[in-house]
Amino acid sequence: MKILVCISHVPDTTSKINFTDGDTKFDTNGVQFVINPNDEFGLTRAMWFKEKQGASVTIVNVGGPETEPTLRKALAIGADEAIRINATPTDGFFVAKELAKVVSEGNYDLVIAGRESIDYNGGMVPGMLATFTDANFVNMCIGLEIEGTSATAIREIDGGKETISTNLPLVVGCQKGIVEEKDLRIPNMRGIMMARKKQLTVLEPSTSESHTKIASFEKPAAKGAVKLVDKDNLDELISLLHNEAKVI
Amino acid sequence: MSILIYTESEGGKLKKTAFELASYASAIATQQGSSVTAVAINANDAEELGNYGVHKVLTVSDDSLNNFSAKKYASIIQQTAEKESASLVIVGSGSNDKFLAPILSAKLNAALVPNVVELPESISPLKVKRTAFTNKAFAMTEVDTEKAIIALSKNSFGLKENSTAVTSESFSPSIPEDASSVTSTDKVSGKVAIADAEIVVSGGRGLKGPENWNLIENLAEVLGAATACSKPVSDMGWRPHSEHVGQTGKPVASNLYIAVGISGAIQHLAGVNSSKVKVVINNDADAPFFKAADYGIVGDAFEVVPKLTEKLKEFKANNA
Ligand SMILES: Cc1cc2nc3c(=O)[nH]c(=O)nc-3n(C[C@H](O)[C@H](O)[C@H](O)COP(=O)(O)OP(=O)(O)OC[C@H]3O[C@@H](n4cnc5c(N)ncnc54)[C@H](O)[C@@H]3O)c2cc1C
Ligand SMILES: Nc1ncnc2c1ncn2[C@@H]1O[C@H](COP(=O)(O)O)[C@@H](O)[C@H]1O
């Protein structure tokens, strides 16, 4: 089985979000970049398939040279090789188009992507990619088993979960649950050494088409001060919630 | 310009979000002097959309659609969009919407703008505000395609009644094969789902252990609320992962969010900040969550929460 894991390179969850150039660009100054958390769960599941079922694991990113440390980290975790499409990921449509070309040319059986990237939260790349490549698709995937060309996936739904029976080729948009937090791997020295020697292929983009652009960014308005209510005066809290906030 | 909304239903009844989408679409249609068409699948009460400004409903009824299929549903919405020459399609932000929207976008060659929180600033070109960086910022997004899909964030627009003469038409689309099929569904019955909840009561590590969760559950029950938790609580197995909220868990956009024994780490806040009113109960007056809260109580959860639950019971009884 040939697996492709899509890796998006995103600001660490603790990052302070600021903008430059008249609020048109994300300010990367002082920002630490990491593997998108949803993709890290997916990569870990891919490693399980590699170790237990003899799959090969390629990782792919659409991004500039600055994403290479993130890709090396994913190689150190255990992916076999990496592909980088050398382009600024302008929007989800553009990324999905570029990835579709990689998927078609590489004949991957299973593509693992994240439910959403935590920077732009588009939640659209995996679904578009599946549609462009005519593959089956399961979103919000929290469990995945493969046997031959059959797949059983568990999907989170509002208020529960459902089990889906499907076939390869398959694209999943995954999240925590596909593996547990404790299964995540920290690269060890040997992994890091080996990652240096693994193949990282850089390809040029084949299209430049995108659907959207961001005209400007804005930060949420500052919040007013909290109203503290004495713990021995809970009637006041109830009254505030009822009469002032009108939420109960 | 014609506007199409996809209105989700469950068990034959439209979900509340359907009426929010109708309200939103109707506000755009009024500005533009155009009309709103809704497509509803296996819903028996679709005409109620007329109370929220919808002019026409296309109802699709087919038993093979009782289980959700993103591929089939996306194809049906695509066919209605083409039939109605809709240049703007509006969907919601539930887990099924998130499943079908990117498929629909690829099929219609229509830009998808997710997490939209306001009416468009302009229609041609379409410019609309969405959240980015998990609620840490907004991005004004400009669309370059002729057709577009807006995925509206829950609770960002609200319900606006606007009684309209509505016509209903049944529509029989061609339904594609789907190699994926649902083999079982596991829904906790009698519990409010976080995605649908008006009120969410959430517990953190301050509750000390799973055996104390009756505090959270009792409070949630009086309020008709969903229960949620912080990430470490689900990682330790005190609560199921489906209750984990925050940047890497579920987003919460309820009217009221009550956080008990949660410190208010940046990743937690990112996921719950779009709730309208936040109440924090924490015994540490310096807990960062107080800075993000509307109302706060500095106190021990084990003392405050049972008292609050009792008082709310009385309040509910008197205000029933
Ligand atoms: C990549 C990444 C992603 C993450 N994503 C998320 C996410 O999506 N969601 C999330 O929640 N976290 C997330 N986190 C974790 C986050 O950083 C915090 O560790 C977590 O939110 C803390 O949970 P907590 O508030 O329950 O626990 P703690 O930080 O331990 O806080 C417990 C609080 O309870 C209070 N308390 C103690 N006893 C009592 C009492 N008797 N009565 C009242 N209050 C009491 C304490 O004062 C304290 O404020 C993420 C972290 C990382 C690194
Ligand atoms: N630039 C990118 N390169 C590779 N994969 C990406 C990129 N952007 C998004 N993805 C994948 O698509 C998923 C969803 O991203 P998004 O649609 O941007 O929210 C991510 O979790 C990744 O797996």
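Keep in mind that the numbers below use all heavy atoms, side chains included, and drop hydrogens, waters and symmetry copies. Order of the sequence lines fixes the chain letters, A, B, ..., with proteins taken first and strands second; residue numbering starts at 1 for each chain.
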* Asked: Under a 4.5 Å heavy-atom cut-off, does chain B meet the side chain of Gln175(A), its backbone, both or neither?
  -> neither
* Heavy-atom contact with chain B under 4.5 Å, split by part of Ile238(A) -> side chain
* **Output field: ring centroids Phe138(B)/Phe217(A) closer than 6.0 Å** => no
* Portion of Ile214(A) that has a non-hydrogen atom of chain B nearer than 4.5 angstrom -> both
* In terms of heavy-atom proximity below 4.5 Å to chain A, should Lys127(B) be classed as side chain, backbone, both, or neither? -> side chain
* Of the backbone (N, CA, C, O) and the side chain (C-beta and beyond), which part of Lys161(A) lies under 4.5 Å from a heavy atom of chain B, both, or neither? -> both
* **Region of Leu228(A) in contact with chain B, defined by heavy-atom distances below 4.5 Å** => both
* **Toward chain B, the part of Pro11(A) with a non-hydrogen atom under 4.5 Å** => side chain
* Asked: Among Lys182(A), Arg115(A), Glu244(A), Lys223(A), who wins on heavy-atom pairs under 4.5 Å with chain B?
  -> Lys223(A)
* To do: Kindly determine whether Asp196(B) and Lys154(B) satisfy salt bridge (Lys or Arg N to Asp or Glu O under 4.0 Å), including the steps that lead there.
  => CA-CA 9 Å; Asp196(B) 301 329; Lys154(B) 196 193 105 175; over 6 Å; no
* Structure fact -> Of the listed Asn233(A), Val247(A), Asn121(A), Val229(A), the one with the largest count of heavy-atom pairs under 4.5 Å with chain B is Asn121(A)
* To do: Between chain B and each of Asp232(A), Ile142(A), Ile248(A), Ile17(A), count heavy-atom pairs under 4.5 Å; write down the option with the most.
  => Ile17(A)
* **Interchain contact, Ala139(B) with chain A, by part (heavy-atom threshold 4.5 Å)** => both
* Asked: Can you say whether Phe132(A) sits under 4.5 Å from chain B via the side chain, the backbone, both, or neither, judging by heavy atoms?
  -> side chain
* **Contact winner vs chain B - Ala245(A), Pro220(A), Gly160(A), Gly122(A), heavy-atom pairs under 4.5 Å** => Pro220(A)
* Full working for side-chain hydrogen bond (donor to acceptor under 3.5 Å, both in side chains) between Thr131(B) and Lys136(B) -> CA-CA 8 Å; Thr131(B) 59; Lys136(B) 289 178 196 166; over 6 Å; no
* Asked: Going by distance alone, is a donor N or O of one side chain under 3.5 Å from an acceptor N or O of the other, for Asp91(A) and Thr212(A)?
  -> yes
* Using a cut-off of under 4.5 Å on heavy-atom pairs, state which of Lys291(B), Lys231(B), Lys276(B) scores highest against chain A. => Lys231(B)
* Asked: Taking every heavy-atom pair that is under 4.5 Å apart, which of Val192(B), Asp294(B), Ile199(B) has the most such pairs with chain A?
  -> Asp294(B)
* Please test Asp23(A) against Glu218(A) for side chain to side chain contact (heavy atoms under 4.5 Å, CB included), starting from the C-alpha separation and ending with a verdict. => CA-CA 7 Å; Asp23(A) 284 338; Glu218(A) 191 185 309; over 6 Å; no
* Answer with yes or no whether the side chains of Ser165(A) and Thr152(A) bring together a donor and an acceptor at under 3.5 Å. => no
* Quick one: which of Asp186(B), Thr185(B), Ile297(B), Ile266(B) has the most heavy-atom pairs under 4.5 Å with chain A, could you say? => Asp186(B)
* Tell me, for Pro102(B) versus chain A, whether the close heavy atoms (under 4.5 Å) come from the side chain, the backbone, both or neither. => both
* Structure fact -> Residues Val95(A) and Pro89(A): closest non-hydrogen pair is CG2-CB, 3.5 Å
* To do: Measure distances from Asp235(A) to the heavy atoms of chain B and classify the residue's part below 4.5 Å as side chain, backbone, both or neither.
  => both
* Asked: Is the distance between the ring centroids of Phe99(B) and Phe137(A) under 6.0 Å?
  -> yes
* Asked: chain A heavy atoms under 4.5 Å from Lys147(B): which part of the residue, side chain, backbone, both or neither?
  -> neither
* Looking at Gly299(B), Gly94(B), Ala193(B), Ser184(B), which one has more heavy-atom pairs under 4.5 Å with chain A than the rest? -> Ser184(B)
* Structure fact -> So, the part of Ile154(A) with a heavy atom under 4.5 Å from chain B: the answer is neither
* Asked: Salt bridge or not for Lys15(B) and Asp158(A), using N-O below 4.0 Å?
  -> yes
* **Heavy-atom pair count under 4.5 Å with chain A, highest-scoring of Leu223(B), Ile194(B), Asn96(B)** => Asn96(B)
* Measure Ser117(A) against the heavy atoms of chain B and call it side chain, backbone, both or neither at under 4.5 Å. => neither
* Check step by step if side chain to side chain contact (heavy atoms under 4.5 Å, CB included) holds for Leu184(A) and Glu180(A). => CA-CA 7 Å; Leu184(A) 293 179; Glu180(A) 299 295 322; over 6 Å; no
* So which of Met128(A), Arg155(A), His242(A) has the largest heavy-atom pair count under 4.5 angstrom toward chain B? -> Arg155(A)
* To do: Please determine if Glu145(A) and Arg45(A) form a salt bridge, counting it only when a charged side-chain N lies under 4.0 Å from a carboxylate O.
  => yes
* Asked: When only pairs under 4.5 Å are counted, which of Lys219(A), Met140(A), Lys16(A), Lys97(A) shares the most heavy-atom pairs with chain B?
  -> Met140(A)
* To do: Could you walk me through whether Lys250(B) and Ser242(B) pass side chain to side chain contact (heavy atoms under 4.5 Å, CB included), step by step?
  => CA-CA 8 Å; Lys250(B) 279 202 176 67; Ser242(B) 54; 3.9 Å; yes
* Asked: Checking Lys307(B) against chain A: side chain, backbone, both or neither under 4.5 Å from a heavy atom?
  -> both
* Between Lys72(B) and Glu177(B), is there a salt bridge with N-O shorter than 4.0 Å? -> no
* Measure distances from Ala270(B) to the heavy atoms of chain A and classify the residue's part below 4.5 Å as side chain, backbone, both or neither. => neither
* Segment of Glu198(B) engaging chain A (4.5 angstrom heavy-atom cut-off) -> neither
* At a heavy-atom separation under 4.5 Å, does Ala101(B) approach chain A through its side chain, its backbone, both, or neither? -> neither
* Structure fact -> Closest heavy-atom pair, Ala74(B) versus Leu100(B), reported as atoms and distance to 0.1 Å, is CB-O, 4.1 Å
* Do His9(A) and Glu66(A) have side-chain atoms, one donor and one acceptor, less than 3.5 Å apart? -> no
* Hey, is Glu10(B) close enough to Lys187(B) for a salt bridge, meaning N to O under 4.0 Å? -> yes
